[in-house]
Visitor: 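Sharing a structure below in structure tokens format, with a few things to ask.
Throughout, protein chains are lettered first and strands after them, A, B, ... in sequence-line order, and every chain is numbered starting at 1. The shown structure was predicted, so the numbers you read here are calculated from the model rather than taken from an experiment.
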Amino acid sequence: MSSSNVRAPKGTADMLPEVARAWEHVTRTAEAIFSRYGYQPIYTPIFEHTDVFVRGIGEATDIVGKEMYTFEDKGGRSITLRPEGTASVVRAALEHGLTVNGQGCKLYYSGPMFRYERPQAGRMRQFWQIGVEALGMAEPTIDAEVIVALMEFFAAVGIPRDRMRLLINSMGDERCRPAYREKVASFIRENASDLCEECVRRAETNPLRAFDCKNPGCASVMSRAPLLRDEMCDDCAAHYAAVKSLLDDVGVIYEEDTSLVRGLDYYTRTVFEVQAEGLGAQNAIGGGGRYDRLMEMYGGQPTPGLGFALGFERTLLAMRAAGIDVPVPPSAEVFVARVAPEVAGDAFAVVTRLREAGIAADMDHQGRSLKAQFKLADRLGARFVVIAGPDELAAGQVTVRDMASATESRVALADAARELGSRLHDR
RNA sequence: GUGGGUGUAGCUCAGUUGGUUAGAGCGUCGGACUGUGGCUCCGAAGGUCGCGGGUUCGAGCCCCGUCACCCACCCCA
């Protein structure tokens, strides 16, 4: 407990070294995998004009309606801290003509997102996402590719496949969805007496969302609602069938879930979500879908697109629940111990030379006793301790102690870096 | 926004029907070994008992308020 009242704001957390290391490990893993799939990095601003999210995500959504960090800047502009990554990436792609003349474009991003929500397990006001977006590509192979990439990522960070579920669904497009939407809306009105208030209200705003109402009564009523599967236009049906068949061909196991309805308005056709065990109520570690109309909503040429986002904190929870440890590199391979204060300068020179030679080396800066320096060296995981003492320095030497075998030898000062370098690589 | 739970050392937690100087383990620092780690032993530092008020001779413990955190609803990654 801190003795001070200074605290990080509600819903934010400091990433202390252990978690920060995990974030770096996870981002590096994502980077390695997604770049192998042909995706390139992009960084967009952490804030945007509010309109980018209102138009992209949709006025009626919870995110836009009640979760955004919006403020007016000193120039009188309405600015919003990004609540998700897709809207920004698509805006950037349009602004810089990344998809003109039908060019395709595959991008990945990572960074913090902001949503004003009540924090709970796996849900923070500032949280970290990694995502990919594939723009300008309409064919079902890219839908399958994106899903395969996401599943490969989770496998690569060590989450066992049997602790995850991949859910997929199709939401249709502008030709079949409006009519279907109306059918669901009338179904809700007909069954209003058996549904919760919220769902009845949804008939007017966003009827499809009634499908993921967790109220058991609603769920059972909605299970009798008309399914898009039966109302889909031929093109959507063919696209969805193709995606499933491609996944089957490469051996990706998935479950079709007709109640899977994303809460962002821009989704069309393919949507998917990955859930993991052991996280508490917020069990979706990744999710995404196709958004073929989004570029037009920003005034661009019709440009298909799709992508996903994965939540870092939730991924980490899933990794921990599965007993996965993030590899910890040793803080120092070599520790340079200084016998007396008078030779601190010599010790510093040795550490510097070791570091220049590419060796992870460290020394004490707190005036510790020699014994305490050894304890520190041990804690840091150093394989060798270089002892810089007046005796050996007088002879232009240094003592090298192998911590595992507890054997020591004298080495000429000039040879220390080369000698240690080769001994470190020997094992 | 609505519920429920929890706030005692850096961390994880004890604290008996209110009773005197609030404890343990881990961690940190020091010593046993004055130029040598891991094990062991000894010692030390470290606490506005979340905060404010009330009851009482007396409050970490009881009451009221407040804040923070956690979990769930909702929603999403």
Visitor: Could you say whether Val274(A) or Val339(A) is positioned toward the 5' end of RNA chain B, judged by the nucleotide with the nearest heavy atom to each?
Guide: Val339(A)

Visitor: C73(B), G37(B), A77(B): which one has an atom nearest the side-chain heavy atoms of Phe127(A)?
Guide: A77(B)

Visitor: Any donor-acceptor pair under 3.5 Å joining the side chain of Glu117(A) to the base of G1(B)?
Guide: no

Visitor: Enumerate the ring pair (Phe, Tyr, Trp, His ring centres under 6.0 Å) contacts for residues 120-147 of chain A, please, sequence neighbours excluded, ordered by first and then second residue.
Guide: Trp23(A)-Trp128(A)

Visitor: Using a distance-only criterion (donor-acceptor N/O pair, under 3.5 Å, no hydrogens), is the base of C67(B) paired with the side chain of Arg7(A)?
Guide: no

Visitor: At under 4.0 Å between heavy atoms, what does Gly280(A) touch on the DNA or RNA strands: base, sugar-phosphate, or nothing?
Guide: sugar-phosphate

Visitor: Less than 4.5 Å apart, side chain to side chain, heavy atoms only: is that true for Leu420(A) and Val386(A)?
Guide: yes

Visitor: What does Arg368(A) touch in the nucleic acid at a heavy-atom separation under 4.0 angstrom: a base, only the sugar-phosphate, or nothing?
Guide: sugar-phosphate

Visitor: Looking across every strand, which nucleic acid part, if any, lies under 4.0 Å from Gln275(A) by heavy atom: base, sugar-phosphate, or nothing?
Guide: nothing

Visitor: In whole angstrom, give me the gap between the P atoms of G10(B) and G50(B).
Guide: 13 Å

Visitor: Would you kindly compare Glu84(A) and Gly389(A) by the position of their nearest RNA chain B nucleotide and give the one closer to the 5′ end?
Guide: Gly389(A)

Visitor: Listing time: all N or O pairs from protein to nucleotides 3-5 of chain B that are below 3.5 Å?
Guide:
none

Visitor: Taking 4.0 Å as the cut-off, does a side-chain nitrogen or oxygen of Gln120(A) come that near to OP1 or OP2 on A72(B)?
Guide: yes

Visitor: For RNA chain B, what residues of residues 305-313 of chain A have any heavy atom nearer than 4.0 Å?
Guide: Ala309(A), Gly311(A)

Visitor: Tell me the closest heavy-atom pair linking Pro83(A) and Met68(A), and the distance in Å.
Guide: CG-SD, 4.1 Å

Visitor: Any Lys/Arg nitrogen of Glu31(A) or Arg28(A) sitting under 4.0 Å from an Asp/Glu carboxylate oxygen of the other?
Guide: no

Visitor: Can you check the distance between A24(B) and A45(B), where both ends of the measurement are the P atom (answer in whole Å)?
Guide: 12 Å

Visitor: In whole Å, what separates the P atom of U48(B) from that of C11(B)?
Guide: 12 Å

Visitor: Could you check, using the six-membered ring where one of them is a Trp, whether Tyr291(A) and Tyr266(A) have ring centers closer than 6.0 angstrom?
Guide: yes

Visitor: Considering only G30(B), C29(B), G35(B), which nucleotide approaches the side chain of Thr399(A) most closely?
Guide: G35(B)

Visitor: Picking from A77(B), G30(B), A72(B), which would you name as closest to the side chain of Ala121(A)?
Guide: A72(B)

Visitor: Taking the side chain from Lys10(A) and the backbone from Pro119(A), do they hold a donor-acceptor pair closer than 3.5 Å?
Guide: no

Visitor: Roughly how far, to the nearest 0.5 Å, is CG of Leu370(A) from CD of Gln373(A)?
Guide: 5.5 Å

Visitor: Please tell me if Gln282(A) has a side-chain N or O lying less than 4.0 Å from either OP1 or OP2 of A77(B).
Guide: no

Visitor: Can you tell me how far C1' in U8(B) sits from the matching atom in G60(B), rounded to whole Å?
Guide: 7 Å

Visitor: Provide the distance between the two P atoms, one in A72(B) and one in C62(B), to the nearest whole Å.
Guide: 27 Å

Visitor: So does Met297(A) get a backbone contact from the side chain of Arg55(A), meaning a donor-acceptor N/O pair under 3.5 Å?
Guide: yes

Visitor: Could you give all pairs that pass the ring pair (Phe, Tyr, Trp, His ring centres under 6.0 Å) test and reach residues 397-424 of chain A, with sequence neighbours left out?
Guide: none

Visitor: Within the 4.0 Å heavy-atom criterion, would you say Ala406(A) contacts the bases, only the backbone, or no part of the nucleic acid?
Guide: base

Visitor: For a side-chain hydrogen bond (donor to acceptor under 3.5 Å, both in side chains) check, start with the C-alpha distance between Tyr240(A) and Asp143(A), then their side-chain angles and the critical distance, and finish with the verdict.
Guide: CA-CA 9 Å; Tyr240(A) 187 41; Asp143(A) 301 51; over 6 Å; no

Visitor: Return the nearest nucleotide to the side chain of Asp62(A); candidates are G35(B), C70(B), C74(B).
Guide: C74(B)

Visitor: Considering only side-chain heavy atoms of Lys10(A), which listed nucleotide, A77(B), U36(B), C69(B), is closest?
Guide: C69(B)

Visitor: Working to the nearest 0.5 angstrom, can you tell me the gap between Met171(A) CE and Cys176(A) SG?
Guide: 10.5 Å

Visitor: Ignoring hydrogens and angles, are the base of U36(B) and the side chain of Gln373(A) linked by a donor-acceptor pair under 3.5 Å?
Guide: no

Visitor: Establish, yes or no, whether a centroid distance under 6.0 Å links the rings of Phe34(A) and Phe308(A).
Guide: yes

Visitor: Where do N or O atoms of nucleotides 39-44 of chain B meet protein N or O atoms at under 3.5 Å, pair by pair?
Guide:
none

Visitor: For RNA chain B, what is the dot-bracket line, given that a base pair needs Watson-Crick (N1 to N3, plus N6-O4 or O6-N4) or G-U wobble (N1-O2 and O6-N3) geometry with both distances under 3.5 Å, and | means paired with another strand?
Guide: (((((((..((((.....[...)))).(((((.......))))).....(((((..]....))))))))))))....

Visitor: Work out how far the P atom of G53(B) is from that of C61(B), and round it to whole angstrom.
Guide: 14 Å

Visitor: Taking only the side-chain nitrogens and oxygens of Lys371(A), find out if one of them lies under 4.0 Å from OP1 or OP2 of G30(B).
Guide: no

Visitor: Considering every strand and a 4.0 Å limit on heavy-atom distances, what is the contact class for Ile130(A): base, sugar-phosphate, or nothing?
Guide: nothing

Visitor: Using the side-chain heavy atoms of Arg379(A), tell me which of these nucleotides is nearest: C29(B), G31(B), A72(B).
Guide: C29(B)

Visitor: State which of C76(B), A72(B), A68(B) makes the closest approach to the side chain of Ala281(A).
Guide: A72(B)

Visitor: Is any side-chain heavy atom of Val274(A) less than 4.5 Å from a side-chain heavy atom of Arg165(A)?
Guide: no

Visitor: Roughly how far apart are Tyr180(A) OH and Glu231(A) CD, rounded to 0.5 Å?
Guide: 7.5 Å

